[in-house]
Amino acid sequence: FGSRNGSRGRPLRPARRAPLHARVRRAGAERGRTMAGMAELEHFCGYGGKHLNTIRYHPLQAETLIYTAAATIIVEDVNDPHKQEFLHGHDNEVSALDISANGKLVASGQLGSPGRKGAVAPVVVWDFDNRQKYTEFGGLSHSVLCVKFSPDGRFLVATGGNQMIFVWDVSTAEVVYSRRTESPCSLAVWGPILENPSGGRYPSYQLCTTYDSQVLVHVMSFDIKSMCYSLSSDAVQFPPSGLQRKHICGVVKDGFLLTGTTAGDMCIFSLQSKMFRAALPVCNNGVTSLTQAGDVLYAGGGDGRIKALHGHDAHWDVLAENVLESGVVALTASSDGAELVAGCRNGKLFRLLSSDLTATLQAATHTDEVTSVAFGASSDCVCTASKAGEVFLLDLSDYMPIMAAAGKSSARSVVLTLTTGEILAGYDDGQLRAWSMQRGSGARPLWELQAHRGGVTVVRETPDFIVTGGNDCAVRFWHRTTRELLATFTNHRKPVADLLVDQAVPHHVHSGSEDKLVVTYDLKLNKPLVQHFTQHSNITGLSQRKDRDKEVVSSSLDGKILFWDVDYADPRGCIEGPPGSMLRLRCVEVSPSGRYIVAGAEDARLYIFDLSSCSCIQECEGHSGGVTHVRWSPDQKQIVSAGKDGCVIIWNFFEM
């Protein structure tokens, strides 16, 4: 914690320290000092592939891609991953996305808000040019299923999980139409703008909506008497035998409504006669996305198949075809028609040439909560793991995976070895697996070890040994080369939350757990050295100071960062978060220089503290779920954080 003037001399004994509340006040008073360091959001890895059709090319800018990552909307240059901009305004995952034909407005809808009564699911309209919120619409709840701008961008239709459908006038924010339907409206698609038959200055609009057992065609016309728009609706006629389909994507092309269904076929409806025309098989596991470029229609399927189709009415030919490694959940064409971007259920983005559908990997992201982050000796790459069992080694120069491994069990902890060129990962099935760091590897582990009953929660290594912690509350030491079990300690009463190999004494290892214990083990003596206990602090993360006595640093669910010395039973110091905050810290790490501490909290923020003043110098917002893990790059120029939202965020760190 340091002395009162911020020097780094040896701390006072616990009995002579100022009361905790006094120390907190002093830390708060330091916030007025000049900031010594600052982090800024550099890159978001988090597409995830959870929701249908949440990727859109900009309609006028051929290199600008707009897509969702949890609760954030990302505006990215497809040729330069370092050029990202962010739209923040949702508090849950964005489930629907659209952009107006002139590229001026973006609309996004989310899943039900966790912090607002009734699981409200707002629809936000963004001013794209200024990258800021334009307006917000309510009335939907649980989830927004679909958002679509009219061809001229004046009207916006949205449907929700509460079986409501709304049409808003974007310019006036007025509700033009609203209705509760018998079943949720899974798809809404605008047709062409119709000229007013009476020659007035108010055009009419055609809108198609789909439900479990029917398809409706609406005409939205301006009523001179009421001086507002009203809708008239007609049901599309189906064959006498009936046709039960769930329509999940669609386009209007040349007077026909073309929809993709969960059955894997493309349904064709004539808008003029309002009749069903045909159902053509396209792929398996559903037609999940339809997009058009020129006179070519592109279809993406749940089996990973992408087809380029050309035709009219009920007659269509396949021009080109490709199969990606996972089911397609989004497909969008660039404004010049030269390329497509496909989003897949495994979290990967692919760029495809529209001419022959040749695919190249654009990005790889996790599909579930990210559980661990690890650097090796180099700052050029970082390893991440997820609850879905994915392990990625990412090149930070282009954010592309050097290697990717997939497991059937959740991965909980990873570490990059400093000597053997391996990635060690601990899994919920109790296995410790080693993966090669070589480019393109990841098909099979190098070796496996059954380490714990009930799952491995954390793994660390040195040139001499591997140490693991588990859900069975045990800490185990393994020989580095033979992987023989050397020792087992069962001091904890809850799963081991974190492990730390001591920087000054490598045969000392510290463990922390939510049982409020921090235990230090001596591997040479084969016994625990000291067991620290806190009255209220459930330990969630461990790190170590670089100065003074290289004290162990812990984070806890009561929001405290505690400093421990092996020679003292009680904590040697304490830092708390900003005044008035009720933090639940999940992870902590001291910077390579030793001056800063970064901590991640369940409120989805990162908190950066300056140890010279023991004050919080910055609160970083980016995640939409609790921060699970955080790491500094060895050169201290970047911070990498992982979240429950499935996102990995890279922050640039500058010293002022």
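These values consider heavy atoms only, across backbone and side chains, with no hydrogens, waters or symmetry-generated copies.
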Participant: What distance separates L257 CG from R277 CZ, expressed to the nearest 0.5 Å?
Facilitator: 13.5 Å
Participant: Does anything in residues 322-358 form a ring pair (Phe, Tyr, Trp, His ring centres under 6.0 Å)? List the pairs, not counting sequence neighbours.
Facilitator: none
Participant: Quick one, D129 with K104, criterion salt bridge (Lys or Arg N to Asp or Glu O under 4.0 Å). Give me CA distance, side-chain angles, the key distance, then yes/no.
Facilitator: CA-CA 6 Å; D129 292 337; K104 297 292 186 182; 3.0 Å; yes
Participant: Should we count CZ of R180 as having more than 12 external heavy atoms under 6.0 Å?
Facilitator: yes
Participant: Give a yes or no on whether the backbone of V370 and the side-chain of T628 come within a donor-acceptor separation of less than 3.5 Å.
Facilitator: yes
Participant: Going by the rule salt bridge (charged side-chain N to carboxylate O under 4.0 Å, His left out), which residues pair with D169 if we only count those two or more places apart in sequence or in a different chain?
Facilitator: R154
Participant: Would a distance-only check, ignoring hydrogens and angles, find a side-chain to backbone donor-acceptor pair under 3.5 Å from D234 to V219?
Facilitator: no
Participant: ring-ring contact (aromatic ring centres under 6.0 Å, His included) between H82 and Y399: does it pass, once the steps are laid out?
Facilitator: CA-CA 9 Å; H82 294 278; Y399 308 108; 5.0 Å; yes
Participant: Taking salt bridge (charged side-chain N to carboxylate O under 4.0 Å, His left out) as the test, write out the residues that go with E63, two or more places apart.
Facilitator: none
Participant: S289 side chain to N53 main-chain N or O, any donor-acceptor pair under 3.5 Å?
Facilitator: no
Participant: Using 30° and 60° as the class boundaries, would you call the ring planes of F269 and F238 parallel, tilted or perpendicular?
Facilitator: perpendicular
Participant: Under the salt bridge (Lys or Arg N to Asp or Glu O under 4.0 Å) rule, what pairs show up with a residue in residues 110-127, not counting sequence neighbours?
Facilitator: R116-E136
Participant: Check whether Q163 reaches the backbone of T181 with its side chain - one donor and one acceptor, N or O, closer than 3.5 Å.
Facilitator: yes
Participant: Does R131 qualify as a cation-pi partner of F128, given the criterion of NZ or CZ under 6.0 Å from the six-membered ring centre and within 45 degrees of its axis?
Facilitator: yes
Participant: Measure the CG-CG distance between L290 and L331 for me, rounded to the nearest 0.5 Å.
Facilitator: 8.5 Å
Participant: Has D645 got a side-chain atom pairing as donor or acceptor with H623's backbone, closer than 3.5 angstrom?
Facilitator: no
Participant: Could you list all the ring pair (Phe, Tyr, Trp, His ring centres under 6.0 Å) pairs where at least one residue sits in residues 140-176, not counting sequence neighbours?
Facilitator: F137-W168, F155-Y205, F155-Y229, F166-W168
Participant: Taking all heavy atoms of Q206 and all of V217, pick out the closest pair and write down the distance.
Facilitator: NE2-CG1, 4.0 Å
Participant: Using a strict threshold of under 4.0 Å (side-chain N to carboxylate O), is an ion pair present between K644 and E369?
Facilitator: no
Participant: Can you name the closest pair of heavy atoms from Y47 and A330 and give their distance?
Facilitator: OH-CB, 3.8 Å
Participant: Judged by atom type as modelled, is there a donor-acceptor pair below 3.5 Å linking the side chain of Q362 to the main-chain atoms of V78?
Facilitator: yes
Participant: If you draw a 6.0 Å radius around CD in Q132, do more than 12 non-hydrogen atoms from other residues or ligands fall strictly inside?
Facilitator: yes
Participant: Does the pair R56/D98 count as a salt bridge with the N-to-O cut at 4.0 Å?
Facilitator: yes
Participant: What pair of heavy atoms forms the shortest contact from G622 to T72, and how long is it?
Facilitator: O-OG1, 3.8 Å
Participant: Which value, rounded to the nearest 0.5 Å, describes the distance between Y67 atom OH and L349 atom CG?
Facilitator: 6.0 Å
Participant: So how far is it from L145 CG to H51 NE2, rounded to the nearest 0.5 Å?
Facilitator: 11.0 Å
Participant: Under the 3.5 angstrom rule, does the side chain of S372 hit a backbone N or O of V414 as a donor-acceptor pair?
Facilitator: yes
Participant: Under 3.5 Å, side chain of T288 to main-chain N/O of G300, donor-acceptor pair present?
Facilitator: yes
Participant: To the closest 0.5 Å, what do you measure between SG (C45) and NE2 (H366)?
Facilitator: 8.5 Å
Participant: Taking all heavy atoms of T261 and all of H247, pick out the closest pair and write down the distance.
Facilitator: CG2-ND1, 3.7 Å
Participant: Does a side-chain N-to-carboxylate-O contact under 4.0 Å join K348 and E325?
Facilitator: yes
Participant: For T159 and I165, indicate whether the former's side chain and the latter's backbone hold a donor-acceptor pair under 3.5 Å.
Facilitator: no
Participant: Is there a donor-acceptor contact under 3.5 Å from the side chain of H58 to the main chain of G103?
Facilitator: yes
Participant: Quick one: which residue pairs count as a ring pair (Phe, Tyr, Trp, His ring centres under 6.0 Å) with a foot in residues 288-317, not counting sequence neighbours?
Facilitator: F256-H312
Participant: Could you walk me through whether R305 and D303 pass the salt bridge (Lys or Arg N to Asp or Glu O under 4.0 Å) test, one step at a time?
Facilitator: CA-CA 6 Å; R305 197 174 304 275; D303 58 358; 3.4 Å; yes
Participant: Could you pull out the closest heavy-atom pair between G302 and C283, with the gap in Å?
Facilitator: N-SG, 4.4 Å
Participant: Can you tell whether the side chains of K387 and D428 come within less than 4.0 Å, N to carboxylate O?
Facilitator: no
Participant: Roughly how far apart are H90 NE2 and S108 OG, rounded to 0.5 Å?
Facilitator: 2.5 Å
